[in-house]
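So the structure is just underneath, and the comments pick up after that.
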There are 2 protein chains.
Amino acid sequence: MYKIGELSRQTGLSNDTLRYYEKMALITPATRTEAGYRLYDESSLSRLKFIQQAKYVGFSLEGIKELLSMRLDKSHHSCGEVKQLTEDKLVEIDNKIEELLRIKQALQVMNDACCGGAVSAEHCSILQALETGEPVKREGHL
Amino acid sequence: MYKIGELSRQTGLSNDTLRYYEKMALITPATRTEAGYRLYDESSLSRLKFIQQAKYVGFSLEGIKELLSMRLDKSHHSCGEVKQLTEDKLVEIDNKIEELLRIKQALQVMNDACCGGAVSAEHCSILQALETGEPVKREGHL
DNA sequence: GTTGACCTTGGACCTAACTCTAGGGTTTAA
DNA sequence: TTAAACCCTAGAGTTAGGTCCAAGGTCAAC
């Protein structure tokens, strides 16, 4: 049985974060000492490893809570249910990527059109593009 | 001169958002009526269009503040300064995209390995992968 | 028997960009 | 003259995922 500091060392999560996860109902200490100290066992540790892994692949704490409930009661959940969660997450990630690519594209066009030199920004094509919403073809002084 | 509601209609931003931008020092009404009503002119409108465009290409309000100060005093800023901002933003976007691609890749591997059927999640490869941090090659029952 | 490391709680604070509320004043049209 | 539509302010609330703080209890070593 570990106290919170030991679990913190094992997982790399701070004491505060562990208590926060408890408040969010992601983990619970196996028991408490008479003095009220949290005591954790191996299952807490494996649960936390699971949580960290799920975080690493982009799940929010809410999503992780769902995953954990399926993990805890595997026999009453199907592969399909679990896979739905990862598929939803994949769609979400794809949308974010697409949005970022849109932004990147727009920025890139503006950026490429600008000379970037020490010349005054008077005719800067970036500022002009932001002004109009239209990409500028090429800077006049080039 | 428009009152705030009119500017709101012109820009699609809420009154609250306009007042918020003012508090963040992004805009200022040209003047006020005796009763204290904000009155805006064309320059406020063009400034807001600029802000909206900059937002659209991923700038934060802080970043926009920098852009605005260069826009306001173009002769004392160089193209290079402006371009630096867009280049920094591009790097930031690229990093975010890369992180999302990493996540997507990890999720995709897990997701592809799972049968996703109505079968019990007892041996679900997704749950196993989250358990171990190792992708599972193929589900046993396949 | 006291120092220092550890643990407890409740609650405040952080970021970013709003959004909403309460309580009140103004303008306009019927 | 009154009702609707508009405007004002200050300040609280929202989201996610923590982080920090104060005030205090516990435990081990020296």
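Not measured: the values here are computed from a predicted model. Letters go in sequence order (proteins before strands), and every chain restarts at 1.
- Each of B/T17 and B/Y37 has a nearest nucleotide on DNA chain C; the 5'-most of these lies closest to B/T17.
- Summarising the local packing, NZ of B/K96 is surrounded by 12 or fewer heavy atoms from other residues, nucleotides or ligands at distances under 6.0 Å.
- Atom pair B/L18:CG and C/dC18:P shows a separation of 10 Å (rounding to whole Å applied).
- The residue A/R38 sits close only to the backbone: its heavy atoms come under 4.0 Å of sugar-phosphate atoms, none of a base.
- Of the N and O atoms on the side chains of B/Y2 and B/E42, at least one donor lies less than 3.5 Å from an acceptor on the other residue.
- Ion pairing between B/E6 and B/K3 fails under the 4.0 Å rule for side-chain N and carboxylate O.
- One atom, OH of B/Y2, and another, C1' of C/dT27, lie 21 Å apart when rounded to the nearest Å.
- Rounded to whole Å, the distance from CD on B/E22 to P on C/dA17 is 18 Å.
- The side chain of B/A35 approaches C/dT27 more closely than any other nucleotide in the set C/dC18, D/dG17, C/dT27.
- In this structure, CG of A/D16 is placed 16 Å from P of C/dA12, rounded to the nearest angstrom.
- Distances from the side chain of A/L61 to the nucleotides D/dC20, C/dA17, D/dG18 place D/dG18 closest.
- When each of B/R9 and B/R32 is assigned the nucleotide of DNA chain D with its nearest heavy atom, B/R9 is the one assigned upstream, toward the 5' end.
- Residue B/T33 is out of contact with every strand shown, counting any heavy-atom pair closer than 4.0 Å.
- Counting any heavy atom pair closer than 4.0 Å across all strands shown, A/K23 reaches no nucleic acid atom.
- Atoms CD (A/E62) and P (D/dG18) sit 13 Å apart, rounded to a whole Å.
- When the nucleotides D/dC27, D/dG18, C/dT9 are ranked by their closest atom to the side chain of A/R19, C/dT9 comes out on top.
- Distance, B/N15 CG to C/dT21 P: 15 Å, rounded to whole Å.
- Between A/K3 atom NZ and C/dT8 atom P there is a gap of 9 Å when expressed in whole angstrom units.
- Side-chain contact check for B/T17 and B/S14: at least one donor-acceptor pair (N or O, by modelled atom type) lies under 3.5 Å.
- The side chain of A/Y21 lies closest to D/dG18, out of C/dC18, D/dG18, D/dT19.
- Screening A/R71, A/K83, A/M70 against B/I126 for a side-chain contact (heavy atoms from CB on, under 4.5 Å) leaves a single residue, A/K83.
- For the pair B/M24 CE and C/dC18 P, the computed distance is 10 Å after rounding to whole Å.
- The side chain of A/I4 sits closest to C/dC7 out of C/dC7, C/dC18, D/dT19.
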